[in-house]
Structures are given as structure tokens and as C-alpha cells.
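Have a look at the structure below before the remarks.
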Amino acid sequence: MQITFRYTSQLATAAGAAEEMVEVENGSSLVDLLRDLAAKHDTDFSKFVVDKDGNVAPTLVVAVNGSQVSFEELVSLDKDSEVMLITPMSGG
Amino acid sequence: MSELSELDRAIYEWQLDVPGFGESGQRKVRSATALVSRIGGLGGPLAFQLAAAGIGKLILAHGGNLRQDDLNRQILMRWDGLDKPRVESAAKTLANFNPNVEVEIVNANVSEGNAADLVARADVVFDCAPLFEERFLMNRECIGQGKPLIDCAMYNLEGHVFPIVAGRTPCLACLFPETPPHWKRRFPVIGAVSALVANVGVMEGLKLLAGFGESNIGKMIHLDSSSMEMRKIKVQRRPDCSVCGPLK
Ligand SMILES: [Zn+2]
């Protein structure tokens, strides 16, 4: 099924868009989903999602339908779900 | 808590009529001290708006001199303040705006040497600093001292505000457990975006101080001025958080 992924800050800049439709298989874990997503993009994007060892980047915040989820969680998504990938920002 | 003076009533008349805020809210705000870490694009309009709201005292911490490339967003500054300490420009602007708000300036950024003292003297802290080292330090002090922290941030046409209360919400280290490796000190932003984020931060701070409206503690308020959409994300507490994990 197609799920809306929403990107923020530096990740949105790297993606060139604030959102993207991503094909997601039923029952896939969040970690697999993020690894697949990283593999589909270049390193300008993927460096915010996974670190050089292939683990999910510790400073990536993932929210599903408005609630942060932990990477270990089994998240059930349906076609109306919105997955938001949040990367840090600061002041200045 | 002190009573409102006749002058206070005259200045704040329009907001004394705000339902839920009123005289008791104004007295709480008027009795409060706010620490603002950095008074640039975020902290400048934020401090300005706190002064307009009648905060009792502002402590403004920001080291360094004003540069031309600050002027697209740092609206507390003054042209005649170029190459002089930013906090001096800010103090002059605020004194001209309303001399009845006490302003203490600190010509230094928040550091290990001053963070504990600055936070101890504040009732609420607004973090608008560019460096994550400063932001994590402010977070640690606020959690340790039980002071509410309004974390404000921006990038490009976006921003977020994350109100943190020790023991009741996750903290900044729950959200970002380490310094983001790819964050750059210099980033794109328009002044109106930083002011938008600042004003959301001020409202969350005022609601906490005065106890009105619906507080968003523990939620990241994300603003996208490109689409003008706002989302709220419920942040999770990390049980193993190095800062707030030990709190029950
Ligand atoms: Zn924490």
C-alpha cells in the first residue's frame, strides 16, 4: 500500500519535497521501512535516516499519526497513516 | 505576588480582558522572571513579545557583537549597534519600548560556568540557541532545577516549539539523545519565520506561567510556513534518558 511520508527541515531539503508516497508492505517493521527508504535515496538524504553502520540515526524522530514511535516498536500502518520523519533544528 | 499598579492596568488593559488570563494571569506574568538564551532571530522577537506581555524581568544571555548578516531577523537590534554587543542593542530597544520591564543583560552565551546561576534566577527559560551543546546544557539545568523550558528551533520555512516540564514531560535529550552530526551552524531562514516560531514559544510560556488556555507540554509543535500547516507530535520519554531518566 502507499503511505504518506512527511519530511522536515534538512531532510525535506535533501528530499527536495516535504512529502513523498512510499510503497509499504503490510507487516513490515519500522526499522526495515527506514532502511528501505534510505536505500532508495542518495547519501544527502540517507545520512539523516541511517548511520554508517546501517542503524537508524539516533537523532531521527519518527512520528506516526502525530505520536512519536520508538524504532523497536511494531507499528501498524494503514493507507491513511502519515509517517513524519523529523530531523533536528536549532536557533540563531 | 505583587498587585498590579495603576500604570500596569493602563499598559495591559487590552489583555486584562482576555478570558482566562485577566488580572490574576497578568499578576503572575508581572511577577515572573524569564531567561532567554540568545536574542537573535528567535530569542529577539521572543523577548520583545514577553516585554509587551508585561513580564516582570528578562534575563538576556547572548555573547558577541552585532553583524550585518544578523539584521534579516534579529529585530531587537539597532543599526547604530553594529559591531557592538548585541545585548546592548537589545536593552536599548526594550527600554525605548517599555522602560517598566526590568532587563538584565549578560554579554555571554550560556555555558557550564553560568548556566546553573542563570537558570536558578528564572521562573521560565526560553532556549533559542544555535548550538546543540548550549541547548543540551540548558535542558540539563532546567530538568535538574525543575524549571520549565520552552525549546524553540527553526530551519528554512519551518520551526518547532517543544515545552518541557521536569518530571512531567520528556526532555530535549529524550528527543535528540546526541548532538546531531549533520547540523550546520549557518542555515537558511527568513526573519518572519523565526518571529512566528518565537511567538508560538511565547504563548506556550505565558500559558504555563499564568495557567490559562491549553498547554502543549510534552508535545512538539511543528510549524511549516511554506504550506502554513501546524502539527503536534506527542514526544516519547526515553526510559534510559541520560538527563531525565533518573526522575520518576
Ligand atoms: Zn529526557
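Computed from a predicted structure; not experimentally measured.
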Original post:
In terms of heavy-atom pairs under 4.5 Å with chain B, which of A/Ala63, A/Pro88, A/Ala12, A/Ala18 leads?
Top reply: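 Most pairs with chain B among the choices: A/Pro88.
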Original post:
Within a reach of under 6.0 Å around CD1 of B/Ile217, are more than 12 heavy atoms found that belong to other residues, nucleotides or ligands?
Top reply: yes
Can you list every donor-acceptor pair under 3.5 Å that links chain B to chain A?
| residue | atom | partner | partner atom | Å |
| --- | --- | --- | --- | --- |
| B/Gly41 | N | A/Gly92 | O | 2.8 |
| B/Ala129 | O | A/Gly91 | N | 3.0 |
| B/Pro130 | O | A/Ser90 | OG | 2.8 |
| B/Met154 | N | A/Ser90 | O | 2.7 |
| B/Tyr155 | OH | A/Thr13 | OG1 | 3.1 |
| B/Glu158 | OE1 | A/Ser9 | N | 2.9 |
| B/Glu158 | OE2 | A/Ser9 | N | 2.9 |
| B/His182 | O | A/Gln10 | NE2 | 2.9 |
| B/His182 | NE2 | A/Lys47 | O | 3.4 |
| B/Trp183 | NE1 | A/Ser90 | OG | 3.1 |
| B/Arg231 | NE | A/Glu82 | OE1 | 2.9 |
| B/Arg231 | NH2 | A/Glu82 | OE2 | 2.8 |
| B/Lys234 | N | A/Gly66 | O | 2.8 |
| B/Lys234 | O | A/Gln68 | N | 2.8 |
| B/Gln236 | N | A/Gln68 | OE1 | 2.7 |
| B/Gln236 | NE2 | A/Gln68 | O | 3.3 |
| B/Gln236 | NE2 | A/Glu73 | OE1 | 3.1 |

Original post:
Closest heavy-atom contact between B/Ile233 and A/Ile86?
Top reply: CD1-CD1, 3.8 Å
Original post:
Between atom CZ of B/Phe132 and atom CE of A/Met89, what is the distance when rounded to the nearest 0.5 Å?
Top reply: 9.5 Å
Subject >> Contact class of A/Ala57 relative to chain B, heavy atoms under 4.5 angstrom >> reply: neither
